[in-house]
Amino acid sequence: MTAYEPTERVRAAARAATLADIARGRTLIVSAWSGRKRMHVAELLDIADLLDIVALSLYEGEPTRPGGICDSARLALADAEATAAETPGAGFPADFGQYVAHALDRRPLAVPARPGPTGWSHADEDAQLVAALDALHGHLDAAAAEPVALALLEGVFALHGKRAYLTQPFLRLTPPGSPHELRARGWGADADQLDPNP
């Protein structure tokens, strides 16, 4: 019996669909986060809708350009990346399209630049997240089966979400371990009652 191996376009479509699910999933847990997440619900839904267009375009097998991606998918992915660049706190890096394109072109995955300002107080934590992203990128590159790659992609975007969370102003203005910082991370009072601007 021959095992089914998806084509590169089907793999890219599955990755776009997975990223759309991640974006929608983040909107579902809004009530568990501070006000900063509420501001990004519309943008996350826009990103998810655009990624649905990418996935559908790739699944339908429209004629492709030399890079392996069809025009409608390329344009929708560019729009989704532009939305992500405008809302870095949403946890989608501006160049997240590389994760979809990676299934087509196998180019090395790059870790986006540090999203925080100069003199950022969480640089050590970011360095740990970058190291974890590098490791997951290596595993994603070597993934033998697409279900494994999709699971790794969820881990990658959990780390991107943590990097975006570290850039939020209320974390930089509050000392580590303070009651507000602990509640903001979900340890203590209901996050819905937190003031996003302490």
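Just so we're clear, the structure is a prediction, and the values are computed from it rather than from any experiment. Hydrogens, waters and symmetry mates are skipped; everything else that's a heavy atom, side chains included, is used.
- A donor-acceptor distance shorter than 3.5 angstrom exists from the side chain of Gln98 to the backbone of Ala110, with no hydrogens or angles considered.
- For the residue pair Ser72 and Ser57, the shortest heavy atom distance occurs at OG-OG, 2.8 Å.
- In terms of heavy atoms, Ala94 sits closest to Ala85 at CB-CB, 3.7 Å.
- Glu86 is linked by a side-chain contact (heavy atoms from CB on, under 4.5 Å) to nothing, counting only residues two or more places apart in sequence or in another chain.
- Here the closest heavy-atom approach between residue Pro88 and residue Ala164 is recorded as O-CB, 3.4 Å.
- Side chains of Phe92 and Leu44 form a contact here, defined as non-hydrogen atoms less than 4.5 Å apart.
- Taken to the nearest 0.5 Å, the CD atom of Glu43 stands 7.0 Å off from the CG atom of Asp46.
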Assess the residue pair Asp21 and Glu154 against the criterion (side chain to side chain contact (heavy atoms under 4.5 Å, CB included)); give the C-alpha distance rounded to whole Å, side-chain angles, the decisive distance to 0.1 Å, and a yes or no. CA-CA 10 Å; Asp21 288 344; Glu154 290 184 14; over 6 Å; no
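- Atom CG of Leu152 sits about 11.5 Å away from atom OG1 of Thr18, to the nearest 0.5 Å.
- Counting side-chain heavy-atom gaps under 4.5 Å among Ile, Leu, Val, Met, Phe, Trp and Tyr, Leu75 is found in no cluster with other residues.
- Annotation: side chain of Leu166 is in contact with side chain of Leu129 (closest heavy-atom distance under 4.5 Å).
- For Gly155 against Leu136, the heavy-atom pair with the smallest separation is C-CD1, 3.7 Å.
- With sequence neighbours left out, the side-chain contact (heavy atoms from CB on, under 4.5 Å) criterion links Glu60 to Leu56, Glu62.
- The shortest non-hydrogen separation linking Asp95 to Pro112 is OD1-CG, 3.6 Å.
- Shown here are the side-chain contact (heavy atoms from CB on, under 4.5 Å) partners of Ala12, two or more places apart in sequence or in another chain: Leu58, Val100, Ala103, Leu104.
- The CG atom of Leu77 lies 10.5 Å from the CD1 atom of Ile47; values are rounded to the nearest 0.5 Å.
- Atom NE2 of residue His139 and atom CG of residue Leu153 lie 14.5 Å apart, to the nearest 0.5 angstrom.
- Both Leu140 and Val148 belong to a common hydrophobic cluster when Ile, Leu, Val, Met, Phe, Trp and Tyr are linked at side-chain heavy-atom distances under 4.5 angstrom.
- With sequence neighbours left out, Asp49 forms a side chain to side chain donor-acceptor pair (under 3.5 Å) with Arg24.
- Partners of Tyr99 by ring pair (Phe, Tyr, Trp, His ring centres under 6.0 Å), not counting sequence neighbours, listed by chain and number: His137, Phe157, His160.
- Ala135 meets the side-chain contact (heavy atoms from CB on, under 4.5 Å) test with no other residue; sequence neighbours excluded.
- Screening residues 140-151 for side chain to side chain donor-acceptor pair (under 3.5 Å) gives Arg15-Glu146, His102-Asp141 as the qualifying pairs, with residues at least two apart or on separate chains.
- In the displayed structure, Arg106 atom CZ is contacted under 6.0 Å by more than 12 heavy atoms of other residues, nucleotides or ligands.
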Begin from the C-alpha positions of Arg163 and Val111 and carry the test side chain to side chain contact (heavy atoms under 4.5 Å, CB included) through to its verdict. CA-CA 11 Å; Arg163 286 187 85 201; Val111 176; 3.8 Å; yes
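- Between the side chain of Arg26 and the main chain of Ala90, a donor-acceptor pair closer than 3.5 Å is present.
- No path of Ile, Leu, Val, Met, Phe, Trp and Tyr side chains, each step under 4.5 Å between heavy atoms, connects Leu45 with Leu50, placing them in separate hydrophobic clusters.
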